[in-house]
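Below is one structure, written out as structure tokens, with a few remarks after it.
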2 protein chains.
Amino acid sequence: MTRTAGSSGEKTLKALREAGLQRLYRQGFAGMTLRQLAGDVGIQAGSLYNYFQNKQHFLFELLEKVMTDLTDEMDARLQGVETPEQALLAFIECHVSFHSSRNKEVIVSTMELRSLTPENYTVIVLMRDQYEGRLRDILEWGNRTGCWLVPDSRVATKIILGMMTSVGSWYRPGGRYRISDLVLIYQKMVENQLRLGGGPKDASPKLAS
Amino acid sequence: MTRTAGSSGEKTLKALREAGLQRLYRQGFAGMTLRQLAGDVGIQAGSLYNYFQNKQHFLFELLEKVMTDLTDEMDARLQGVETPEQALLAFIECHVSFHSSRNKEVIVSTMELRSLTPENYTVIVLMRDQYEGRLRDILEWGNRTGCWLVPDSRVATKIILGMMTSVGSWYRPGGRYRISDLVLIYQKMVENQLRLGGGPKDASPKLAS
DNA sequence: CCTACCGATCGGTAGG
DNA sequence: CCTACCGATCGGTAGG
């Protein structure tokens with residue numbers, strides 16, 4: 001019976017990613033030492049280089065995976081939506097649930113952008129910009145169809161994203177609300193903001209008036 | 001003519017605080033080295049200890065000052081308000097303008113909470129909790145007087161604070177909006193949320209429904 | 001505010 | 001995956 005190639009290594013790599021996330025969350029990139037990380041998974045520091053090129057690349061891979069997962073989930077969720085309202089509600093659902101369930105990863109991704117080399121920084125920021133563009137596209141789509149009227153889609157995107165993203169800083173599993181509750185709360189909030197289904201009379205208090 | 005005690009030292013200390021803020025913002029606490037910081041103001045690393053006890057205390061003083069300034073400004077702004085609406089609008093104005101104009105300090109204060117020793121962490125978190133309590137008190141005040149109906153003031157506080165705080169991550173001086181514009185935008189947003197001055201009929205879509 | 005220095009530790013590599 | 005090690009650098013101190 002030959003040992004399955006990398007069967008032990010796979011487990012160690014997964015453990016490294018989990019331990020690394022905790023370390024990055026609690027200590028930051030500069031504060032996390034490779035000796036600590038190695039100790040977390042029971043190997044020596046020098047052995048880490050069987051699992052990644054170097055410390056920088058380990059960080060980059062983590063941030064890249066977060067953005068890839070988020071983008072993939074969003075693309076899947078937006079498949080088949082037919083109206084701006086549907087798209088907006090789907091975006092909120094996906095964004096809020098991702099930023100709640102994977103809040104540590106998202107927080108690390110934001111805080112440690114500064115720790116990336118210029119080349120890696122460019123890659124991740126581009127992914128983030130494209131993701132942000134998805135929401136802006138939805139807002140402008142609704143503008144064209146008359147679903148709502150957002151005076152400045154760029155700023156509105158920043159504001160809406162900001163308020164949804166912040167859920168990750170205070171959501172705790174087992175707390176007062178489940179993630180599905182939070183999704184409903186945020187959907188209602190944005191609906192109120194954009195006056196979805198609101199009375200036809202009062203058109204003045206628009207977002208970013 | 002005896003030299004005024006610390007006249008040169010005052011300037012150096014101020015320069016240290018500015019340089020330290022930039023370093024903390026770009027590199028984080030663990031990533032900022034005291035040799036860099038000393039170089040920024042043109043002294044040797046060993047001389048830094050004439051200006052602070054150690055690296056940890058330098059961080060603590062920065063975070064403490066941010067919270068003290070914010071709290072002081074808020075107290076002054078809330079002086080004399082007579083209704084929950086006035087208080088809420090005042091809170092928003094103060095919070096948004098502070099988090100825009102001093103966004104780097106606020107971002108560092110949030111990110112480097114983890115770098116504080118347990119004792120220092122306790123002090124700062126207590127200040128933050130008390131600040132957060134001011135908004136919660138306002139929301140509950142309005143609940144009692146019937147200004148609005150917020151089902152869960154704890155969660156509502158988190159959500160409102162989160163969306164206002166995020167302005168610091170994208171506001172740039174000289175950008176599309178002035179700080180006073182952003183204040184108005186956020187005031188309008190929260191008004192929409194709480195249905196301040198809204199029609200008497202539709203009472204269902206409340207915050208955190 | 002400087003020089004000179006301390007012990008500790010860092011990320012990373014060579015060669016198994 | 002380990003041992004042994006590299007040069008570099010860290011926060012902090014002694015003694016002016």
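Remember, it's a predicted structure, so these values are computed and weren't measured experimentally.
- Rounded to an integer number of Å, the gap from CZ of B/F29 to P of D/dG11 is 8 Å.
- Nearest to the side-chain atoms of A/L34 among the listed nucleotides C/dG11, D/dC2, D/dG12 stands C/dG11.
- Here A/D181 does not pair with A/R176 in a salt bridge; the nearest charged N to carboxylate O distance is not below 4.0 Å.
- Note: OH (B/Y51) to C1' (D/dG11) measures 19 Å, nearest angstrom.
- Between the P atom of C/dG11 and the CG atom of A/N50 lies a distance of 17 Å, rounded to the nearest Å.
- Between B/S47 and A/A45, the residue anchored nearer the 5' end of DNA chain D, judged by the nucleotide with its closest heavy atom, is A/A45.
- Distance A/M32 CE to C/dC10 P: 12 Å, rounded to the nearest Å.
- Put simply, CD on B/Q56 is 13 Å from P on D/dG11, counting in whole angstrom units.
- Taking every heavy atom of both residues into account, A/F60 and A/I124 meet most closely at CE1-CD1, 3.8 Å.
- Both distances falling under 3.5 Å, in either a Watson-Crick or a G-U wobble arrangement, place D/dA14 opposite C/dT3.
- Closest approach to the B/T33 side chain among D/dG11, C/dC2, C/dG11 is made by D/dG11 (side chain taken as heavy atoms from C-beta onward).
- Between C/dG11, C/dC1, D/dG11, one nucleotide has an atom nearer to the side chain of A/R35 than all others, and that is C/dG11.
- The nearest whole Å value for the distance from the CD atom in A/Q44 to the C1' atom in C/dG15 is 16 Å.
- A salt bridge links A/K158 with A/E132: the distance from a Lys NZ or Arg NE/NH1/NH2 to an Asp or Glu carboxylate oxygen falls below 4.0 Å.
- The local environment of CZ in A/R154 is sparse, with at most 12 non-hydrogen atoms from other residues, nucleotides or ligands closer than 6.0 Å.
- Distance A/N54 CG to C/dG12 P: 5 Å, rounded to the nearest Å.
- Rounded to whole angstrom, the span from the OH atom of A/Y49 across to the P atom of C/dG15 amounts to 17 Å.
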